[in-house]
Amino acid sequence: MEFVLKGIFDYAVSNGWIGENPVDRVTVPKIASDDDMVFLSVREVKLLADEAEKIGKPVDGLLVRWQAYTGCRIGESLALKVGDVDADRRRARIGRTWTDDGHGGSMLGTPKNGKARNIAIPRFLMPQINAQMDGMGDDNWLFRATRGGNVWTNAWRTRIWNKAVKAAGMEDAGVTIHSLRHTYASFAIAQGADVKTLQMQLDHSSPSITLNTYTALWPERLDDVANAIGALRERELV
């Protein structure tokens, strides 16, 4: 499609209908490769969360765990309110995110792909999530500052995250907040998540993006498939 549009606009430029080809300024998004991503172990996530809690408060450690075990983008996590969480079903509705307002600040907007989604919350996170919600109204921020206001991404990165990474001895490992999202994907795939399920949790616009991004993490299961087909044949012929 890009080449078709380029040809059309080139023709328009050659005829003097437009001054330049806008396609020439388009940058195709880069598909992340293994070299771009850092995947943490469970123990490394725990270490980072513990350090964040020491530097800040329990909520800071919870935010690290939340990122690593739900795969949310940091802007989505910090935009969550208490009313977005269904504790009984262990679901959270991701319906807003903090985005750049174009003037050096942040504003609330829709998630990256323009629509809300529901994500699953691991059971072990619920006691601390419930503690965060205790006594709060639906409109209170889930991950909130001391006085109840929202937490700004850049401020949290400087005040908590960067210090936790350094305290954990990971400052030279290329670990970023986004590494927690990649880490979630690696955990999920290792435990058998299929492409579609992971796409839904991560809010990729298509399964192909999920597959292209994390394809190297899916184990080769040719023998499993061959054995399953053999077992099917034996069952059907008995």
Side-chain angles (χ1 to χ4, degrees), residues 29-34 36-40 44-45 48-49 52 56 59-86 90-102 104-122 125 128-129 132 141-145 149-162 164-165 174-189 193 195-214 217:
K30 178 183 177 185
I31 298 296
S33 67
D34 289 345
D36 302 317
M37 295 184 285
V38 174
F39 304 106
L40 302 173
E44 287 171 330
V45 171
L48 279 171
V59 67
D60 297 302
L62 174 60
L63 183 55
V64 171
R65 297 183 191 97
W66 174 271
Q67 295 291 115
Y69 293 110
T70 68
C72 278
R73 301 177 180 92
I74 184 64
E76 296 172 341
S77 298
L78 294 179
L80 279 169
K81 294 190 174 182
V82 170
D84 296 321
V85 178
D86 184 337
R90 289 189 291 114
R91 293 287 188 272
R93 184 179 185 275
I94 309 299
R96 69 186 76 82
T97 187
W98 288 107
T99 61
D100 187 349
D101 66 1
S106 297
M107 64 179 184
L108 284 175
T110 57
K112 186 174 182 180
N113 288 312
K115 58 183 180 180
R117 74 187 188 281
N118 290 310
I119 64 165
I121 308 171
L125 285 177
Q128 202 170 357
I129 292 294
Q132 274 293 108
W141 301 105
L142 181 62
F143 300 103
R144 55 191 175 274
N150 68 285
V151 176
W152 299 108
T153 301
N154 289 338
W156 188 79
R157 181 185 290 110
T158 301
R159 184 174 58 87
I160 303 294
W161 174 258
N162 291 342
V165 169
V175 179
T176 68
I177 295 176
H178 205 68
S179 298
L180 298 175
R181 181 169 160 86
H182 293 321
T183 294
Y184 168 81
S186 71
F187 290 161
I189 292 169
V195 176
K196 185 64 178 177
T197 300
L198 190 57
Q199 176 217 347
M200 293 169 61
Q201 183 86 1
L202 293 178
D203 190 37
H204 285 157
S205 58
S206 70
S208 63
I209 291 178
T210 308
L211 186 58
N212 287 336
T213 304
Y214 299 113
L217 298 181

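Only a predicted model underlies this, so the values are computations on that prediction, with no experimental measurement involved. One is the number of the first residue; the rest follow in order along the sequence.
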ask   = Taking it one step at a time, do Ile94 and Asp203 satisfy side chain to side chain contact (heavy atoms under 4.5 Å, CB included)?
value = CA-CA 10 Å; Ile94 309 299; Asp203 190 37; over 6 Å; no
request  = Taking the side chain as every heavy atom from C-beta outward, state whether Gln67 and Trp161 have any atom pair closer than 4.5 Å.
outcome  = no
ask   = Can any side-chain N or O of Asp84 pair as donor or acceptor with the backbone N or O of Lys81 at less than 3.5 Å?
value = yes
remark   = Residues Leu180 and Leu40: closest non-hydrogen pair is CD2-CD1, 3.8 Å
task = Could you tell me whether the side chain of Arg96 and the main chain of Leu108 form a donor-acceptor pair under 3.5 Å?
result = no
task = Give, for atom CD of Gln128 and atom CG of Leu63, the distance between the pair rounded to the nearest 0.5 Å.
result = 10.5 Å
ask   = OG1/Thr210 to CG/Leu202 distance, rounded to the nearest 0.5 angstrom?
value = 6.0 Å
inquiry  = Can you give me the closest heavy-atom contact between Gly174 and Val38, atom names plus distance?
reply    = O-CG2, 3.4 Å
query = Got Glu44 and Val175 here, is their nearest side-chain heavy-atom distance under 4.5 Å?
reply = no
query = Which pair of heavy atoms, one from Met107 and one from Asp100, lies closest together, and at what distance?
reply = CE-O, 4.1 Å
query = Does any N or O in the side chain of Arg181 come within less than 3.5 Å of the main-chain N or O of Cys72, such that one atom is a donor and the other an acceptor?
reply = no
Atom pair CG (Asp60) and CD1 (Ile160), whose distance is rounded to the nearest 0.5 Å = 4.0 Å
ask   = Looking at Gln132 and Leu142, what are the two nearest heavy atoms and their distance?
value = NE2-O, 2.6 Å
query = If you round to the nearest 0.5 Å, how far is CG of Asn118 from CD of Gln201?
reply = 10.0 Å
task = Dump the intermediate steps for ring pair (Phe, Tyr, Trp, His ring centres under 6.0 Å) on Phe143 and Trp66, then the final yes or no.
result = CA-CA 10 Å; Phe143 300 103; Trp66 174 271; 5.7 Å; yes
ask   = Say you draw a straight line from OG1 of Thr70 to CG of Leu125; how long is it, rounded to the nearest 0.5 Å?
value = 7.5 Å
ask   = According to the interplanar angle, ranging from 0 to 90°, do the rings of Phe187 and Tyr69 count as parallel (below 30°), tilted (30 to 60°) or perpendicular (above 60°)?
value = parallel
ask   = Between Val195 and Pro207, what is the shortest heavy-atom contact and its length?
value = CG1-O, 3.4 Å
ask   = Which value, rounded to the nearest 0.5 Å, describes the distance between Arg93 atom CZ and Leu80 atom CG?
value = 11.0 Å
key: Exam field: side chain Arg90 to backbone Ala120, donor-acceptor pair closer than 3.5 Å   = no
note = For Val151 and Leu78 the tightest heavy-atom approach is O-CD1, 3.5 Å
task = Check whether any side-chain N or O of Thr97 sits under 3.5 Å from a backbone N or O of Gly109 as a donor-acceptor pair, and report yes or no.
result = no
task = Please determine, by modelled atom types, if Trp98 and Ser106 share a side-chain donor-acceptor pair under 3.5 angstrom.
result = no
